[in-house]
There are 2 protein chains.
Amino acid sequence: MSESTRRRGAAPTIREVAAAARVSRATVSRAFGRPELLRPATVAHVRAVAAELGYLPNAVARGLSTGRYATIALVVPDIANPFFPPLVRGAQQAADLAGYGVFLGDSDEDPAREDALLARFTGQVEGVVLVSSRLRAARVREHAERRPVVLVNRDLAGLPRVLVDPTRGMTEAVDHLAALGHRRIAYVNGPRTSWAHQQRRRTLRRATDARGLELVTVDARRPTYDAGIACVPDLLAGGATAAVAFDDVLAQGILAGLAEAGVDVPGDLSVVGCDDVVAATTAPPLTTVSAPAGQAGRAAVDLLLGLLGNDDLRDARYVVDTRLVVRSSTGPAGAG
Amino acid sequence: MSESTRRRGAAPTIREVAAAARVSRATVSRAFGRPELLRPATVAHVRAVAAELGYLPNAVARGLSTGRYATIALVVPDIANPFFPPLVRGAQQAADLAGYGVFLGDSDEDPAREDALLARFTGQVEGVVLVSSRLRAARVREHAERRPVVLVNRDLAGLPRVLVDPTRGMTEAVDHLAALGHRRIAYVNGPRTSWAHQQRRRTLRRATDARGLELVTVDARRPTYDAGIACVPDLLAGGATAAVAFDDVLAQGILAGLAEAGVDVPGDLSVVGCDDVVAATTAPPLTTVSAPAGQAGRAAVDLLLGLLGNDDLRDARYVVDTRLVVRSSTGPAGAG
DNA sequence: TTGTATGCGTTATCAC
DNA sequence: GTGATAACGCATACAA
């Protein structure tokens, strides 16, 4: 390779490979992108030279030229919330398998930051997976107009979406509690703008109504461990014998708060979580509604990639099911 | 705006804005990138037109032209391991603050996948934060030669790195256990190729030696909850009265395995974790060595961005300290 | 089968 | 201050 075409420090470009291999730049390009158009010997030669130079096609330049960036964005409200890492992992695996890179955005549960992240990613990614969006519907639709968007745990007609359906798991939970003799059940709220929260509450309402059980509501300010501890006085004041929490983290906080208050679980009060992300590790092990987050992440990316491949999936609705996992935080009513 | 220059469906380009605002492309570019070179009235005019058209500068084209992509890569072994989400969150925040986008890579603890991810990101990002790399040193250096790399929890001379130093926390743990009368302590291994593991074991060795305590080692195949449960028989066979686990997840599994085996904690055996990521939520609450993962993530990104800004930080070594958090999984030796 | 020329959307250089 | 124009690295019609 001649020093005239080889700049040191920088990564080699297609031009330098072309010079070294004594072919045109187009041939080098084809050797990587469309080898079937070239004579096998040419492909081999070019690739050998490229390898020796340490050449790798520049994804940015390729994207600019083709319009295919081979990247997607994944925006979540809070990566530190244990529901999301498995989902992110699933999404990342699916994207990786298809040769796509993943931009990660953490909105910190803040709609304005979510909006800003989405704007930043525009024009830099082929599409976005928007998880548990806190944006209002109209704004989500505006973003979806600019490029393909797949929603997770947000149900907007006309937009492809992956939904974790709490119906089965929640209904099983109510049956389980009813069978244990509970007549008055408390639901501890999640974020008001969360689709998951709304679904869970609604499902719970239906199931309790259908069985003639009472349902009371307790507020938690955020779905955090500390908020779970903090809501325990309200919970106890409600007079319920069983509590269903918006998610496992909240439930875990509730368990801690109850232990501190000297309330026995499940003797005095039964507790049910949701998501099954930490459930096996609590004390007592938490009865919870299990949700396959990894599967949801993979499904969302597959849906998005299908969308990019021109499949008509505009109104696709991929539903993943839930079920109750009974552990030791639930027991007979009034056993304490 | 004339329909001739306005293509529907696609995002507007600088060319269309220029036409609509009756200025040159260069002027539009300056209105966004270097407004101080323009008359304020021009800036305002161009920006108004751009806003009306919904124009946003294309980050990819800009990157190609300037060589500054405004993106970094963040590669972790397993996003589902609770040590990493806070780190990722911190890194993401710091990057976001500087206007950088973050590519996330999950290597699934597999060196080959880590290598492939790194290769993919090359030429697409300005630099990479490589967390708990499982790659051999030479390979890491090769990657670092191609573009700036900041290591987290890997100590390679000549490369900028952020290290969570277990010395203080681990030493405090040994002091704590010694004060409780423990003479024989078990360490439950982490991944052999993990720098964190090596450091923790070494520190533990030094501290126990210095105090004339015995140290035995127990193998766990992976730092997982299940592996923690599985290693309990070995742990019990070792005859130690206290166990220090590589990390909290492992410790949590050990707690579960011990409970199942009818071993009282801390009555029969004391358990210490590491990282303090789930520690407050275990039963009993886990005594652990706390590590500020979020701070490490932020520091790594700041270091990387400094590197890109030409600061001479090639051999920087940013150390974050640990300390022991005493909860309820440790108690007097032989109290059971 | 391979080479030539052009464009992707932007910024930078150099005029004016 | 602002405009024309050449890169940036690659892919792809079109030619040969």
Side-chain angles (χ1 to χ4, degrees), chain A residues 5-7 9-47 49-50 53-71 122-126 147, chain B residues 5-7 9-47 49-50 53-71 99 122-126 146-147:
Chain A
T5 55
R6 184 78 178 80
R7 307 150 313 154
T13 73
I14 200 172
R15 167 176 255 118
E16 294 157 26
V17 177
R22 306 193 176 287
V23 296
S24 73
R25 289 175 291 164
T27 299
V28 177
S29 173
R30 290 177 184 125
F32 285 90
R34 320 215 38 189
E36 72 277 10
L37 295 181
L38 257 36
R39 224 180 9 174
T42 310
V43 174
H45 174 231
V46 170
R47 287 203 178 154
V49 172
L53 260 44
Y55 168 79
L56 285 176
N58 181 316
V60 173
R62 166 183 292 169
L64 186 59
S65 177
T66 59
R68 296 196 56 253
Y69 297 94
T71 61
T122 294
Q124 195 157 184
V125 301
E126 290 185 43
R147 64 200 130 16
Chain B
T5 55
R6 184 78 179 84
R7 306 151 313 154
T13 73
I14 201 172
R15 171 175 251 118
E16 294 157 26
V17 177
R22 305 193 176 288
V23 297
S24 72
R25 288 174 290 160
T27 299
V28 177
S29 174
R30 291 178 184 124
F32 285 90
R34 319 213 38 187
E36 71 278 11
L37 295 181
L38 257 36
R39 223 178 12 171
T42 310
V43 174
H45 174 230
V46 170
R47 288 201 177 158
V49 172
L53 261 43
Y55 168 78
L56 285 177
N58 182 318
V60 173
R62 167 182 293 168
L64 185 59
S65 178
T66 59
R68 298 196 53 252
Y69 298 97
T71 60
T122 294
Q124 196 157 186
V125 302
E126 290 185 42
R146 316 204 87 207
R147 65 198 131 16

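Chain letters run A, B, ... following the sequence lines, proteins first, then strands; residues in each count from 1. Treat the numbers as computed from the prediction; the structure is a model and nothing was measured.
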Answer yes or no: does a side-chain N or O of [X] lie under 4.0 Å from OP1 or OP2 of [N]?
{"X": "Arg15(B)", "N": "dG9(C)", "answer": "no"}
{"X": "Tyr69(A)", "N": "dC8(C)", "answer": "no"}
{"X": "Arg39(A)", "N": "dT1(C)", "answer": "no"}

Rounded distance (Å) that lies between atom [atom2] of [N] and atom [atom1] of [X]:
{"X": "Leu38(B)", "N": "dT11(C)", "atom1": "CG", "atom2": "C1'", "value": "14 Å"}
{"X": "Asn58(A)", "N": "dC8(D)", "atom1": "CG", "atom2": "C1'", "value": "9 Å"}
{"X": "Leu64(A)", "N": "dA11(D)", "atom1": "CG", "atom2": "C1'", "value": "11 Å"}
{"X": "His45(A)", "N": "dT2(C)", "atom1": "NE2", "atom2": "C1'", "value": "14 Å"}
{"X": "Arg22(B)", "N": "dG3(D)", "atom1": "CZ", "atom2": "C1'", "value": "16 Å"}
{"X": "Ile14(A)", "N": "dC8(C)", "atom1": "CD1", "atom2": "P", "value": "18 Å"}
{"X": "Leu37(B)", "N": "dG3(D)", "atom1": "CG", "atom2": "P", "value": "13 Å"}

Considering only heavy side-chain atoms of Tyr55(B), the closest of dT10(C), dC10(D), dG3(C) is dT10(C)
Non-hydrogen atoms of [X] and [Y] that approach each other most closely:
{"X": "Gln124(A)", "Y": "Thr71(A)", "answer": "O-OG1, 2.9 Å"}
{"X": "Ala31(A)", "Y": "Val43(A)", "answer": "O-CG1, 4.1 Å"}
{"X": "Pro57(A)", "Y": "Tyr55(A)", "answer": "CA-OH, 3.4 Å"}
{"X": "Arg147(A)", "Y": "Thr122(A)", "answer": "NH2-OG1, 2.6 Å"}
{"X": "Gly123(B)", "Y": "Asn58(A)", "answer": "O-OD1, 3.7 Å"}
{"X": "Val23(A)", "Y": "Val46(A)", "answer": "CG2-CG2, 4.2 Å"}

Atom pairs, protein N/O to nucleotides 12-16 of chain C N/O, distance under 3.5 Å:
{"unit_1": "dT13(C)", "atom_1": "O4", "unit_2": "Arg30(B)", "atom_2": "NH2", "d": "3.1"}

Value for CZ (Arg30(B)) from CZ (Arg25(B)), rounded to nearest 0.5 Å, stands at 12.0 Å
Angle separating the five-pair end axes of the helix from dT1(C)-dA16(D) to dC16(C)-dG1(D), nearest 10°, is 40°
Check your understanding: Any donor-acceptor pair under 3.5 Å linking the side chain of Arg146(B) with the backbone of Gly54(A)?
Key -> yes
Check: With distance as the sole test, does Thr66(A) use its side chain to make a donor-acceptor pair with the main-chain N or O of Arg62(A) at under 3.5 Å?
Finding: yes
Practice prompt. Give Val28(B) one of three labels, base, sugar-phosphate or nothing, depending on what nucleic acid heavy atoms sit under 4.0 Å from its own.
Written response: nothing
Taking for Leu56(A) and for Thr42(B) the nucleotide of DNA chain D with the nearest heavy atom, the one nearer the 5' end belongs to Thr42(B)
